[in-house]
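Here's the structure we're looking at; comments come further down.
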Amino acid sequence: MRTTGTAIRLYGAAGAVAAALLALLSAAGPASAGGPGGDGGDGGARGVVLRWRPCAQKAQAGFECAVARVPLDHAEPSGRTIDLAVIRHRAAAAGRRAAGSLFFNPGGPGGPGTLALPEVYRKFPAELRDRFDIVSWDPRGVGASTAVRCFDTAKEAAAWHAKVPPFPVGAGQRRAFVTAYGELAKRCAQRDAALLSHVSTADTARDLDLLRRAVGEERLRYWGVSYGTLLGATYANLFPDRVGRLVVDGNVDPRAWVDGGAGGEPARSTFLRLGSDLGSADTLGQFLDHCGRAPMSGCAFSAGSPAATRAKYATLLARLAERPVGRWTYARAVNEVRGGLYTVHPGWSGTAATLQSLWQGTAPDESPAGTAPARYPGFEQSLAVLCAESPNPAPPGRYTALEQRAVREAGPLARWWVWANEPCAVWPARAADPYTGPWNRRTAHPVLVINSVHDPSTPYRGGQAMARELGRARLLTLDGYGHTALDNPSACVGRHVVRYVLTGALPAEGARCAQDTPPFVNPGERTPVAAVIRPGGVLRTWPPAWLRHGTG
């Protein structure tokens, strides 16, 4: 669920400065005004026109871009409108007419589809790329769409964020962390209060229905990962008769997301209710055990056995808590490990290399301090969705006790998952019209639910809950590791997805698939997960900023 540490694992923020994002919009051309898009009528889509043109950015070569104009408030279709940046890749088979469109949401919340789709397009099964136009978009409030932006420039936003640790360590940092996010909330409230109240998952689901009609689809084909599974479930229950083939991969438990508990203030924060802390702890244990069984040629951090490697990891964290290595603090190392668990290849090998470098007292290679951000980081965009619709404890002081309990249950990675929700304690807006259930409306077609057994962000129990909650669904289990099957490939999963999308056929009850490549099998993978260097020496942080601030 990247979005705070997500938040996905999947997709780097391909370089585009703020001006380039504006260029994408202008290159796409204007769209006519949208109409109502509520739970019932179709009339609102009549005015949504997508004028496709080649995308303006080099990273989007081969893709087409457009802009959709939709109501800010779907209950008031004649009021203010906002823009959605949309992207697609046409069906790839030469001489074959597209069988339709398949929509993709990359998660988050706050994942920009216009950046994510070009990076993950080749991960879609070839049969789907050949037959369907693959379409994505930046949801409202995000990226190149009408966006929540609480700073004037990308540089200003990045400078603010650089001063705030991934999570606080000690009383002094806790006070500074709470103060910083309190100031951010005030800053955001002053910018566009109306937008902050209309960036909910339900708002985006209604946008998606307008986009579905704009591309001429009677029913929706969709692949949503991480937070995108919540969006898929919301769509399925707002528009059950318009559900075609929906794939939800790496699942958010929808009831846990919206239900803080019986009355009063929620006892636990969003990510703790989802079990993300426990999922990370489980996957970390798998990572260390597999690393310990591998030789150092396979896993750089191996200490020769699972037990010795776990002990080595605990010793390293204790050292970092006493003395950072360069700019690598305890909090930064914990956060990078958490994000590195999302993708087995190259994430796990890269994480092991980073840990070994720190063990040897050497800071992994990274970009020079002060490097200008490639694009507006948008960390507040994920908060705008999550905090406005998912209940979290209100007094900031509650999070210290939550952290202590979570660490007892799930170890150090839990610290990030707790404090990632603390900004919600003072967030200045609530969703005007959130969807909170029911989740079991009978859809026109059943939904395919996919979840890996060892998922560090949306644990397997989330997939079980999603399959149980939806009115018509089938769970396909991936016996593997990492966050989402799309980003941790399984040919078996791919075959099931293709068959489902093309024919509607579901896997058998209890079906299971294996991952294609086990962990630590390629000794050549040595690039640290936190320091992927692009040509020209520009560092790409992994996971991307929008993922690190969400579930993915």
Side-chain angles (χ1 to χ4, degrees), residues 28 31 42 45-46 48-55 60-66 68 84 86-106 113-114 116-137 205 207-225 228-229 231-232 235-236 239-249 443-450 472-474 476 484-486 489-507 511 513:
D42 287 338
R46 283 195 293 264
V48 174
V49 176
L50 297 173
R51 298 190 176 103
W52 297 102
R53 298 181 183 177
C55 295
Q60 298 163 329
F63 290 79
E64 296 178 338
C65 288
L84 304 179
V86 189
I87 188 170
R88 75 176 176 187
H89 195 292
R90 301 303 301 268
R96 176 184 290 169
R97 185 174 180 177
S101 296
L102 172 67
F103 282 87
F104 168 67
N105 180 272
T114 60
L117 183 59
E119 294 209 359
V120 302
Y121 175 72
R122 291 291 171 188
K123 295 186 178 184
F124 287 90
E127 295 92 334
L128 299 185
R129 288 185 276 117
D130 283 348
R131 292 171 179 259
F132 295 98
D133 296 342
I134 311 294
V135 184
S136 192
W137 77 108
D207 292 341
L208 178 56
D209 196 56
L210 298 184
L211 295 176
R212 170 194 64 79
R213 292 201 64 217
V215 299
E217 293 290 347
E218 180 180 355
R219 291 194 170 103
L220 179 71
R221 295 183 196 88
Y222 174 83
W223 191 330
V225 299
T229 65
L231 175 58
Y235 184 94
F239 307 104
D241 59 326
R242 303 173 202 171
V243 169
R245 310 285 190 250
L246 263 63
V247 179
V248 287
D249 174 11
T443 51
H445 293 277
V447 177
L448 178 57
V449 178
I450 305 170
R472 301 177 70 191
R474 178 69 50 81
L476 174 61
T484 80
L486 183 64
S490 163
C492 170
V493 168
R495 288 191 295 270
H496 280 296
V497 171
V498 168
R499 184 166 174 251
Y500 166 74
V501 173
L502 294 183
T503 72
L506 292 167
C513 285

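The figures that follow rest on heavy atoms only: side chains count, while hydrogens, waters and symmetry mates do not. Just so it is clear, the structure is predicted and the values come from calculations on it, not from any experiment.
Residues satisfying the ring-ring contact (aromatic ring centres under 6.0 Å, His included) criterion with Phe63, sequence neighbours excluded, are His89, Tyr121. Listed by chain and number, the residues in a side chain to side chain contact (heavy atoms under 4.5 Å, CB included) with Ala505 are Arg499, Thr503 (sequence neighbours excluded).
The side-chain heavy atoms of Leu448 and Val497, taken from C-beta on, include a pair separated by under 4.5 Å. Counting heavy atoms from C-beta on, the side chains of Ile87 and Glu64 never come closer than 4.5 Å. Between Ser101 and Arg88, the closest side-chain pair of non-hydrogen atoms is not below 4.5 Å. Considering only heavy atoms from C-beta on, Val135 stays 4.5 Å or farther from Leu211 through its side chain. In this structure the side chain of Val225 never reaches within 4.5 angstrom of the side chain of Asn105, judged on heavy atoms. Using a 4.5 Å cut-off on side-chain heavy atoms (C-beta onward), Leu50 and Val86 make contact. Proximity of Pro507 to Arg474: side-chain heavy atoms (C-beta onward) are separated by under 4.5 Å at one or more points. Within the 4.5 Å cutoff, the side chain of Thr114 has heavy atoms near those of the Gln60 side chain.
Taken from SG in Cys65 to CZ in Arg53, the straight-line distance is 11.5 Å, to the nearest 0.5 Å. Taken to the nearest 0.5 Å, the CZ atom of Phe103 stands 9.0 Å off from the OG atom of Ser136.
When all heavy atoms of Val449 and Ala473 are compared, the closest pair comes out as CG2-CB, 4.0 Å. Closest of all the heavy-atom pairs between Ala511 and Leu476 is O-CD1, 3.7 Å. Considering every non-hydrogen atom in both Arg219 and Val243, the closest pair reads CD-O, 3.3 Å. When all heavy atoms are compared, the tightest approach of Ala236 to Thr443 is O-CG2, 3.5 Å. Nearest approach of Val447 to Val248, heavy atoms of both residues: CG1-CG2, 3.9 Å. In terms of heavy atoms, Ala98 sits closest to Ala91 at CB-CB, 3.8 Å.
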- Item | Stepwise salt bridge (charged side-chain N to carboxylate O under 4.0 Å, His left out) test for Glu217 and Arg221 | CA-CA 8 Å; Glu217 293 290 347; Arg221 295 183 196 88; 3.0 Å; yes
- Query: Taking it one step at a time, do Leu246 and Leu220 satisfy side chain to side chain contact (heavy atoms under 4.5 Å, CB included)?
  - Reply: CA-CA 7 Å; Leu246 263 63; Leu220 179 71; 4.1 Å; yes
- Task: Please report the C-alpha distance between Tyr235 and Arg212 in whole Å, then the side-chain angles of each, then the deciding distance to 0.1 Å, and finally whether the side chain to side chain contact (heavy atoms under 4.5 Å, CB included) criterion is met.
- Result: CA-CA 11 Å; Tyr235 184 94; Arg212 170 194 64 79; 3.2 Å; yes
- Query: Between His445 and Arg472, does a side chain to side chain donor-acceptor pair (under 3.5 Å) hold up when you go through it step by step?
  - Reply: CA-CA 7 Å; His445 293 277; Arg472 301 177 70 191; 5.9 Å; no
- Please assess Leu208 against Trp137 for the test side chain to side chain contact (heavy atoms under 4.5 Å, CB included), listing each intermediate value before the final yes or no. CA-CA 9 Å; Leu208 178 56; Trp137 77 108; 3.8 Å; yes
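Glu218 contributes no side-chain N or O that, together with a main-chain N or O of Arg242, makes up a donor-acceptor pair within less than 3.5 Å. Using modelled atom types, no side-chain atom of Arg90 and backbone atom of Asp133 make a donor-acceptor pair closer than 3.5 Å. At least one donor-acceptor pair closer than 3.5 Å links the side chain of Asp249 to the backbone N or O of Ala485. A side-chain donor-acceptor contact under 3.5 Å links Tyr222 to the backbone of Gly228.
With ring centers used as reference points, Phe124 lies under 6.0 Å from Trp223.
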